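So the structure is just underneath, and the comments pick up after that.
Model, not experiment: these values are computed from the prediction. Atoms within a ligand are numbered from 1 in the order they appear, just like the ligands themselves.
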Amino acid sequence: MRLVFFGPPGSGKGTQAKMVSDRLGIPQISTGDILREAVARGSDLGKKARSYMDAGKLVPDDIMLSLIEKRTGEADCAKGYILDGFPRTLAQAIGLDEILSQRHESIDLAILIEVSDETVITRLTRRRVCPQCHALYNLDTDPPKDDNRCDRCGVELVLRSDDEETTVRTRLNVYRNDTLPLADYYESRGILRRIDGEGRVEEVFDAIMEALTEVRQS
Ligand code: AMP
């Protein structure tokens, strides 16, 4: 199955994509993670992407499309994959369809995880990340055992630079203007499923699995 997961920042799409990836045995391709690794390594891609990411803006479409064309062509993607955080613009969605149609493939389902702006702001500004192993915590709902230190590494947790409140608000605006139009795009193809992302992680996961089962049976 080739799946697209999208939703506002903090909708839990990364967490859900990871769970579905484990359940279905297909890779999760998180463009945010790929870009953050590139920034950490200081590669050419990282150097190009960094300023956009720190400002909460989107990395240009041509960079993203060539990254995705390469990654989805790798051997572990033969049975399908979950695109987590890509496409983020209409141009990316159209570009993706072009790449896939050259391979006689298509997206099976686009999952939109919906949450309110208030939920996004609370979740992200209370989110902390381990700078070493990238484990995510939430100070309210999933706090570390030891005061502000990673349970696995013992390293001090940090606020991701793009999780500062002003940047979160920019990311929400970018989402509304650039990414939300994808809902119409996928709806018109009959492959959009809307999932309520306000519930507990397990409830959201069950709703996604139900949507996937319907599609696999049809
Ligand atoms: P994420 O972890 O998915 O929220 O992504 C973090 C940041 O990476 C975003 O705010 C963008 O700057 C950049 N990014 C990730 N995916 C894309 C994409 N498909 N197109 C453009 N920029 C992206």
Starting from [atom], locate the nearest protein heavy atom and write down its residue, its atom name and how far away it is, to 0.1 Å.
atom: atom 18 (C) of ligand 1; answer: R88 CG, 3.4 Å
atom: atom 6 (C) of ligand 1; answer: R36 NH1, 3.5 Å
atom: atom 14 (N) of ligand 1; answer: L35 CD1, 3.5 Å

Does any N or O atom in G85 lie less than 3.5 angstrom from one in ligand 1, N or O only?
yes

For ligand 1, which atoms, with element, lie under 4.0 Å from some heavy atom of [X]?
X: R171; answer: 4 (O)
X: Q92; answer: 18 (C), 19 (N), 20 (N), 21 (C)
X: K57; answer: 11 (C), 12 (O)
X: F86; answer: 19 (N)
X: K13; answer: 3 (O)
X: T31; answer: 15 (C), 16 (N), 17 (C), 19 (N)

If you count heavy atoms of other groups shown closer than 6.0 angstrom to CZ of R176, is the number above 12?
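Atom CZ in R176 is crowded, with more than 12 foreign heavy atoms closer than 6.0 Å.
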
Can R171 be said to sit on top of Y175's aromatic six-ring, NZ or CZ under 6.0 Å from centre and within 45° of the ring axis?
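Not flagged: R171 not positioned over aromatic ring of Y175.
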
Considering only heavy atoms, does [X] approach ligand 1 within less than 4.0 Å through its side chain, its backbone, both, or neither?
X: R50; value: neither
X: M53; value: both
X: V59; value: both

Within-4.5 Å side-chain heavy-atom neighbours: L3 and I107:
no

Counting C-beta onward and ignoring hydrogens, is there a side-chain heavy-atom pair between P131 and V155 closer than 4.5 Å?
yes

From CZ (R88) to CE (M64), nearest 0.5 Å
7.5 Å

Once you round to the nearest 0.5 Å, how far does OG1 of T89 lie from CD of Q92?
3.5 Å

Closer than 4.0 angstrom, basic N to acidic O: yes or no for R127 and D140?
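No, this pair does not count.
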
Short side-chain to backbone donor-acceptor contact, S188 and Y185, under 3.5 Å:
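Checking the backbone N and O of Y185 against the side chain of S188, a donor-acceptor pair under 3.5 Å is found.
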
List the steps and the verdict of side chain to side chain donor-acceptor pair (under 3.5 Å) for S11 and E114.
CA-CA 7 Å; S11 57; E114 298 180 303; over 6 Å; no

